[in-house]
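Each chain gets a letter, A, B and so on, in the order the sequences are listed, and its residues count up from 1. Because the structure is a prediction, the values reported are computed rather than measured.
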Amino acid sequence: MIRVRYAPSPTGYLHAGGARTCLFNWLFARRHNGRFILRIEDTDRTRYQERSLADLLEGLRWLGLDWDEGPEVGGPYGPYFQSQRLPLYQEYAQKLVEAGHAYKCYCSQERLQQLRAEAGRRNQPTGYDRHCRELSAKERAQKEAEGIVPVIRLKVPLEGETSFHDLIRGTISMQNSQMDDFILLKSDGYPTYHLANVVDDHLMEISHIMRADEWIPSTPRHVLMYRAFGWTPPLYAHLPVILSPTGKGKMSKRKTIGSDGREYPVLIREFRAAGYLPEALFNFLALVGWSYDDKTEILTREQIIQHFDLEHVSKSPAKFSYDKLDWMNGVYIRQLDPDDLARRLKPFLDKAKFEADLHTIRRMVPLIQERMVKLTDALALVDFFFAEELCYDPQLLIQKGMDVEQTRQVLAESEQVLRALPVFEEADIEAALRAKAESMGLKARQFFGTLRIATTGKEVAPPLFGTLAILGRDKVLKRIARARELLMAAA
RNA sequence: GCCCCGAUCGUCUAGUGGCCUAGGACACAGCCCUUUCAAGGCUGCGACGGGGAUUCGAAUUCCCCUCGGGGCACCA
């Protein structure tokens, strides 16, 4: 049975890198009919943030990444919060001490800090100097008597090397001499990541560990722990990290501002608020670090599940391409059923105080659907529908090759034609206006250009005839009249 | 400083010794379509980091260099 997990620590909001790691685990589980487990690694009390758990669960659900075991759904291997498993870690750490694979360390944090500073100054490795490794029973008793609460450290072999097989990278080894005696159990009784991770993965019968590249250096330590416990380690697959769009370093949770001043979303909640579709982000994220073939980019969730494999996971880190995500989001928006798009647009319009019912939004959709990259783009596309009064430079009314008088005529004639129309519908509006433009001997771009400015206040706007129909005859006539006033006043 | 991982167009990638004159996508440029803007269609620009070795043959295997990334906490 394949069992994989995503094990975030609730120290901040869910970001693209975490979501990608989660996605790969999820895909692997779904592909192989395995189980996907969500485990919360909340063993750092100083960095814990209450709101991050809710954000995490919400973000995963938004992306459609459901978990078979974990918070809110439970499961046979619980609890799924490490803070609720403390006695377990203490018990296992103790076992290691008793077996001689670990020992208690009484060094103060001040001493350790000094050690690091000193080593750093001399450009030496910064690890622990194993001061307490060979303490006698008497020495230990003395420290205990002084009331010092020890940490527990793993007794790393001094010689030899530790290696493991990575499903993506092959064999990776590290000299044991490169590892220090790292801490398993902190003095507050909480386990470090290393201990909790190994104990839980074993107890929860995790078969494959898929996590970011940055964990490679600590994997040999984990292997050493499995060995000390007498357990078989799971299979490892280290995923390439996602690089920041700024080009320096990996993608962080902090605000990322490109050299062009553009602000890049990194948190899932930010992508959502910016108007990205979950299915587009899902597709895009699946493709950062994994590829299907040499030509297919747009894949449904089902196709991705069906084809996902570790074979095609890349080894090298990838920059997060926002240009490509934008393109892909546009593709997904265009593919959306118009009713569906209208529903998704509603909250964004509501938030902008554009009061439109679903029916009206639905009428606008055909005009804007292929002009949006993100849902938020709709706002700038339709704002003129909701404006009380348009604000624009009257000179814009006068199109290239036209004069004030001709412009006045276009407005006057349009007004007349539109007023006379028996029904105010797109096809009729178009027919009448085209005929009028032709009879006046004006080019379409001239005639409609003037009208566009008059009715939308913009040089760039959605297709005119559909726009007029939605605006409605009253509003259109009012705006044309207003344009004539502005034109005359400016002339 | 030490250790680990990586390296194909500007970016994301395909490539698993001959199908490679290196394929696709994004971005960019041009043209077409067109009431503006989009969308769409067509075309173009554009890469195997360097040096050795193995081989009849190397983008693909090995070594060195270079460059990039990551790790070295009582964080995860």
Side-chain angles (χ1 to χ4, degrees), chain A residues 7-11 41-44 46-47 105 107-109 112-113 116 119-128 149-153 166 169 172-175 177-180 182-188 190-194 196-197 211-220 238 240-241 243 245 247-250 284 287-298 311-312 314-328 330 334 368-373 381 399 430 433-434 437 443-453 456 458-465:
Chain A
S9 132
T11 54
E41 309 218 326
D42 53 348
T43 55
D44 184 348
T46 59
R47 292 203 309 160
C105 165
C107 292
S108 68
Q109 300 210 36
L112 297 176
Q113 248 170 42
R116 254 198 307 281
R121 205 173 316 126
R122 291 197 323 228
N123 277 331
Q124 296 288 308
T126 52
Y128 176 58
V149 184
V151 301
I152 293 181
R153 291 181 183 270
D166 187 285
R169 293 151 210 279
I172 296 174
S173 11
M174 190 183 277
Q175 294 295 320
S177 58
Q178 291 301 324
M179 292 180 249
D180 72 345
F182 56 96
I183 294 174
L184 302 177
L185 200 68
K186 308 180 217 175
S187 55
D188 64 1
Y190 276 66
T192 59
Y193 165 79
H194 302 295
N197 193 263
R211 62 189 4 167
D213 218 345
E214 62 209 33
W215 295 107
I216 290 179
S218 53
T219 305
H238 287 95
V241 294
L243 266 25
K248 261 300 179 198
K250 66 172 178 174
F284 179 80
L287 257 24
V288 357
W290 175 79
S291 61
Y292 169 54
D293 64 6
D294 61 343
K295 47 180 84 69
T296 316
E297 309 271 344
I298 306 293
E311 281 274 284
H312 292 90
S314 129
K315 293 183 213 187
S316 44
K319 209 172 283 182
F320 196 100
S321 174
Y322 284 84
D323 279 339
K324 196 153 186 170
L325 172 62
D326 281 352
W327 163 75
M328 192 173 279
R334 274 171 251 132
I368 61 175
Q369 185 157 19
E370 65 187 30
R371 292 173 173 73
M372 281 188 278
V373 162
L381 252 16
Q399 296 290 302
E430 174 165 9
L433 254 20
R434 277 196 194 282
K443 284 181 183 158
R445 63 187 308 131
Q446 295 176 311
F447 191 94
F448 299 129
T450 295
L451 216 44
R452 175 175 303 107
I453 298 288
T456 69
K458 296 172 180 236
E459 293 175 273
V460 173
L464 190 59
F465 311 118

Open item on the list: Can you measure A:Arg153 atom CZ to B:C74 atom P for me and round it to whole angstrom units?
Closed with: 6 Å
- [ ] Would you tell me if any nitrogen or oxygen in the side chain of A:Lys319 comes within less than 4.0 Å of OP1 or OP2 on B:U13?
- [x] no
Task: Any A:Ser291 side-chain nitrogen or oxygen under 4.0 Å from OP1 or OP2 of B:A14 - done: yes
TODO: Mark yes or no for a side-chain to base donor-acceptor pair under 3.5 Å between A:Ser187 and B:C74, with no hydrogen or angle criteria applied.
DONE: yes
Task: Interatomic distance, A:Asp166 CG vs B:G70 C1' [rounded to whole Å] - done: 14 Å
- [ ] Give one of base, sugar-phosphate or nothing for A:Phe447, where a contact means two heavy atoms less than 4.0 Å apart.
- [x] nothing
Open item on the list: Need the pair for B:A29. Rule: Watson-Crick or G-U wobble, both distances under 3.5 Å, any strand; none if unpaired.
Closed with: B:U43
Open item on the list: What's the gap between B:G57 and B:A39 when it is taken at their C1' atoms, as a whole Å value?
Closed with: 47 Å
Task: Sugar-phosphate only, base, or nothing, as touched by A:Leu325 at under 4.0 Å among non-hydrogen atoms - done: nothing
TODO: Assess whether one donor atom and one acceptor atom, taken from the side chain of A:Arg169 and the base of B:C5, lie less than 3.5 Å apart.
DONE: no
- [ ] For A:Pro240, report the nucleic acid contact type (base, sugar-phosphate, nothing); a contact means any heavy atom under 4.0 Å.
- [x] nothing
Open item on the list: So if I take every side-chain heavy atom of A:Asp44 and compare against B:C74, B:C75, B:C2, which nucleotide ends up nearest?
Closed with: B:C75
- [ ] With heavy atoms under 4.0 Å as the rule, sort A:Gln178 into base, sugar-phosphate or nothing.
- [x] sugar-phosphate
Task: Nucleotide nearest A:Ala444 (side chain, heavy atoms from C-beta), chosen from B:U13, B:U16, B:U35 - done: B:U35
TODO: Please give the nucleotide sitting opposite B:C48 as a Watson-Crick or G-U wobble pair, both distances under 3.5 Å, or none.
DONE: none
Open item on the list: Quick check for you: to the nearest 0.5 Å, what is the distance between A:Ser218 atom OG and A:Phe182 atom CZ?
Closed with: 8.5 Å
TODO: Nearest-nucleotide wise, let me know which of A:Gln109 and A:Arg452 is further upstream toward the 5' end of RNA chain B.
DONE: A:Arg452
Task: Nearest to side-chain heavy atoms of A:Tyr193, which nucleotide of B:A76, B:U36, B:G70 - done: B:A76
Open item on the list: Between A:Met328 and A:Ser321, is there a side-chain heavy-atom distance shorter than 4.5 Å?
Closed with: no
When you compare the protein's N or O atoms with those of nucleotides 44-51 of chain B, which come within less than 3.5 Å of each other, and at what distance?
none

Open item on the list: Can you tell me the base-pairing partner of B:C72? Count Watson-Crick or G-U wobble geometry only, both distances below 3.5 Å, and say none if there is no partner.
Closed with: B:G1
Open item on the list: Mind checking if A:Ala461 touches a base, just sugar-phosphate, or nothing, with heavy atoms under 4.0 Å?
Closed with: base
Task: Whole-Å gap separating C1' (B:A14) and CG (A:Asp294) - done: 5 Å
Open item on the list: Using OP1 and OP2 only, check whether a side-chain N or O of A:Ser314 sits under 4.0 Å from B:C12.
Closed with: no
Open item on the list: Both A:Arg445 and A:Arg122 contact RNA chain B. Taking the nearest nucleotide for each, which residue is further toward the 5' end?
Closed with: A:Arg122
Task: Chi angles and distances behind the side-chain hydrogen bond (donor to acceptor under 3.5 Å, both in side chains) call for A:Thr46, A:Asp44 - done: CA-CA 6 Å; A:Thr46 59; A:Asp44 184 348; 2.6 Å; yes
Task: Among B:C4, B:C74, B:U35, the one nearest A:Ile216 by side-chain distance - done: B:C4
TODO: Go through B:G6, B:C5, B:A76 for me and flag the one nearest to the A:Trp215 side chain.
DONE: B:A76
- [ ] For A:Pro10, report the nucleic acid contact type (base, sugar-phosphate, nothing); a contact means any heavy atom under 4.0 Å.
- [x] nothing
Open item on the list: If the cut-off is 4.0 Å, is A:Arg434 near the phosphate of B:U35, judged by side-chain N/O to OP1 or OP2?
Closed with: yes
TODO: Tell which nucleotide pairs with B:G57, taking only Watson-Crick or G-U wobble pairs whose two distances are both under 3.5 angstrom.
DONE: none
Open item on the list: Any heavy-atom pair between the side chains of A:Val460 and A:Arg371 that's under 4.5 Å?
Closed with: no
Task: Distance, nearest 0.5 Å, that separates CD1 of A:Ile183 from CD1 of A:Ile152 - done: 10.5 Å
- [ ] Scan A:Gln446 against the nucleic acid and name what it touches under 4.0 Å (heavy atoms): base, sugar-phosphate only, or nothing.
- [x] nothing
- [ ] Ignoring backbone atoms, test whether A:Thr43 places a side-chain nitrogen or oxygen under 4.0 Å from the OP1 or OP2 oxygen of B:A76.
- [x] yes
Task: C1' gap between B:U16 and B:A59, integer Å - done: 12 Å
Task: Euclidean distance, atom CZ of residue A:Phe448 to atom P of B:U34 [Å, nearest integer] - done: 14 Å
Task: Salt-bridge contact A:Asp213-A:Arg169 (side-chain N to carboxylate O under 4.0 Å) - done: yes
Open item on the list: Can you say whether a donor on the side chain of A:Lys324 sits under 3.5 Å from an acceptor on the base of B:C12, or the other way round?
Closed with: yes
Task: Sidechain-backbone polar pair: A:Lys186 side chain, A:Thr43 backbone, donor-acceptor under 3.5 Å - done: yes
Open item on the list: Quick one, A:Leu325 and A:Phe320 - any side-chain contact, counting heavy atoms below 4.5 Å?
Closed with: yes
- [ ] Provide the Watson-Crick or G-U wobble partner of B:A22, both distances under 3.5 Å; none if there is no partner.
- [x] none
Open item on the list: For B:U34, give the paired nucleotide (Watson-Crick: N1-N3 plus N6-O4 or O6-N4; G-U: N1-O2 and O6-N3; both under 3.5 Å), or none.
Closed with: none
TODO: With the side chain counted from C-beta on, respond yes when A:Gln399 and A:Arg445 share a heavy-atom pair under 4.5 Å apart, and no when they do not.
DONE: no
Task: Heavy-atom donor-acceptor pair, A:Glu214 side-chain to B:G69 base, under 3.5 Å - done: no
Open item on the list: Can you measure A:Tyr322 atom OH to B:C28 atom C1' for me and round it to whole angstrom units?
Closed with: 21 Å
Task: Side chain A:Gln178, main chain A:Gln175, donor-acceptor under 3.5 Å - done: no
Task: Touch class at under 4.0 angstrom, heavy-atom based, for A:Glu41 against every strand present - done: sugar-phosphate
Task: Base-pairing assignment for B:U16 (Watson-Crick or G-U wobble, both under 3.5 Å) - done: none
Task: Nearest-Å distance for atom pair OH/C1', residues A:Tyr190 and B:A76 - done: 15 Å
- [ ] Classify the nucleic acid contact of A:Lys458 as base, sugar-phosphate or nothing, counting any heavy atom under 4.0 Å across all strands shown.
- [x] nothing
Open item on the list: So if I take every side-chain heavy atom of A:Val460 and compare against B:G24, B:U36, B:G70, which nucleotide ends up nearest?
Closed with: B:U36
Task: Close side-chain approach of A:Ile216 and A:Met174, heavy atoms under 4.5 Å - done: no
Open item on the list: By the 4.0 Å heavy-atom rule, please label A:Ser173 as base, sugar-phosphate, or nothing.
Closed with: sugar-phosphate
- [ ] Measure from the side-chain heavy atoms of A:Trp327 and tell me the nearest of B:G6, B:A27, B:G24.
- [x] B:A27
Task: Whole angstrom value for the distance that separates P of B:C5 from CG of A:Asp213 - done: 10 Å
Open item on the list: Strictly below 4.0 Å: does A:His312 bring a side-chain N or O up to OP1 or OP2 of B:U13?
Closed with: no
Open item on the list: Let me confirm one number: the CD-SG distance from A:Gln113 to A:Cys107, rounded to the nearest 0.5 Å.
Closed with: 13.0 Å
Open item on the list: By the 4.0 Å heavy-atom rule, please label A:Val241 as base, sugar-phosphate, or nothing.
Closed with: sugar-phosphate
- [ ] Taking only the side-chain nitrogens and oxygens of A:Arg116, find out if one of them lies under 4.0 Å from OP1 or OP2 of B:C74.
- [x] yes
- [ ] Classify the nucleic acid contact of A:Pro462 as base, sugar-phosphate or nothing, counting any heavy atom under 4.0 Å across all strands shown.
- [x] base
TODO: Send over the distance from A:Met174 CE to B:C4 P, rounded to a whole Å.
DONE: 6 Å
